[in-house]
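We number each residue from 1, following the sequence as shown.
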Amino acid sequence: MTSVYSQARVVTRHIWRHPSNKGHRLSRLAYASAFQLWARSTRRPMKVAVGSRSQMFAHLHFSASSEVVYANPPSTELLTWSQHLKPGDWFIDVGASVGVYTIFAIEKGAHVTAFEPN
């Protein structure tokens, strides 16, 4: 079993190295710390920013939503395809989970079909 310290080190390293956080690494670390404190003390999700103008609830132990706390956008893959998506394009999100990719596609002006088979 991994210790809390080693888990914190992994998350800190992820936040620091993520390309989405370039230029504001310290503020993203502070934001992630506030999320951890809030979620652990209240045992409730926290409303967080997604994309440039959207919000969602992030849950502490649900990586699909908490990843947005650590980097926005949360994946380098999302950074790449979202640069090519144009208003009016169709975006199909199969396995949408909490809808992070869907939110980014909508913000780009795409028509979206999203579903989560689970």
Side-chain angles (χ1 to χ4, degrees):
M1 185 172 188
T2 59
S3 73
V4 173
Y5 297 110
S6 65
Q7 290 173 349
R9 194 172 0 164
V10 168
V11 170
T12 301
R13 188 177 311 126
H14 171 73
I15 292 168
W16 195 263
R17 292 181 176 171
H18 200 285
S20 295
N21 297 331
K22 188 176 181 179
H24 58 275
R25 290 181 172 114
L26 291 177
S27 63
R28 186 53 73 170
L29 283 169
Y31 189 59
S33 298
F35 166 70
Q36 289 283 335
L37 287 170
W38 167 264
R40 290 176 188 279
S41 64
T42 66
R43 300 196 187 284
R44 293 177 28 206
M46 184 171 115
K47 191 184 289 187
V48 298
V50 182
S52 59
R53 61 183 185 273
S54 301
Q55 295 180 329
M56 69 181 293
F57 284 101
H59 296 262
L60 183 61
H61 298 295
F62 190 57
S63 63
S65 63
S66 62
E67 280 290 321
V68 175
V69 175
Y70 305 139
N72 184 21
S75 73
T76 53
E77 174 187 291
L78 199 151
L79 277 171
T80 302
W81 67 253
S82 66
Q83 292 172 352
H84 301 286
L85 198 61
K86 295 175 182 46
D89 286 352
W90 276 99
F91 182 81
I92 300 172
D93 190 353
V94 179
S97 189
V98 297
V100 174
Y101 283 40
T102 296
I103 290 169
F104 275 89
I106 289 170
E107 285 193 354
K108 290 289 189 170
H111 301 286
V112 176
T113 300
F115 64 96
E116 172 55 53
N118 282 335

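Contact record, Arg53 with Ile106: NH2-O, 4.2 Å, taken as the closest heavy-atom pair. The shortest heavy-atom contact between Ala64 and Ser97 is CB-OG, 3.3 Å. In terms of heavy atoms, Asn72 sits closest to Asn21 at N-OD1, 4.4 Å.
Within the structure, ring pair (Phe, Tyr, Trp, His ring centres under 6.0 Å) pairs that include any residue of residues 44-77 do not occur (at least two apart or interchain). Pairs passing the side-chain hydrogen bond (donor to acceptor under 3.5 Å, both in side chains) check and including a residue from residues 102-118, sequence neighbours excluded, read Ser52-Glu107, Ser54-Glu107, Asp93-Thr102.
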Enumerate donor-acceptor pairs with a distance under 3.5 Å from any side-chain N or O in residues 41-49 to protein atoms, sequence neighbours excluded.
unit_1, atom_1, unit_2, atom_2, d
Ser41, OG, Leu37, O, 2.7
Ser41, OG, Trp38, O, 3.3
Thr42, OG1, Trp38, O, 2.7
Thr42, OG1, Arg44, N, 3.2

Enumerate, atom names and distances included, each donor-acceptor pair closer than 3.5 Å involving a side-chain atom of residues 73-80, sequence neighbours excluded.
unit_1, atom_1, unit_2, atom_2, d
Ser75, OG, Leu78, N, 3.0
Ser75, OG, Tyr101, OH, 3.0
Glu77, OE2, Tyr101, OH, 3.2
Thr80, OG1, Thr76, O, 3.1

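Other members of the cluster containing Ile92 are Val94, Phe115, with ILVMFWY side chains joined at under 4.5 Å, either directly or via other members.
Residue His24 holds its NE2 atom at 10.0 Å from CG of Leu29, rounded to the nearest 0.5 Å. Going from atom CZ of Arg9 over to atom OG of Ser3 covers 6.5 Å, rounded to the nearest 0.5 Å. Separation of atoms CZ (Arg17) and CZ (Arg25) is listed at 10.0 Å; rounding is to 0.5 Å. Between Ser27 atom OG and Ile15 atom CD1 the span is 10.5 Å, to the nearest 0.5 Å.
No path of Ile, Leu, Val, Met, Phe, Trp and Tyr side chains, each step under 4.5 Å between heavy atoms, connects Trp90 with Trp81, placing them in separate hydrophobic clusters. When the side chains of ILVMFWY residues are joined at heavy-atom separations under 4.5 Å, either directly or via intervening members, Trp16 and Val69 end up in a single hydrophobic cluster.
Under the ring pair (Phe, Tyr, Trp, His ring centres under 6.0 Å) criterion, Phe35 pairs with no residue, sequence neighbours left out.
Here the side chains of Gln36 and Leu60 are in contact, with some heavy-atom distance below 4.5 Å. In this structure, the side chains of Val68 and Met56 come closer than 4.5 Å at one or more pairs of heavy atoms.
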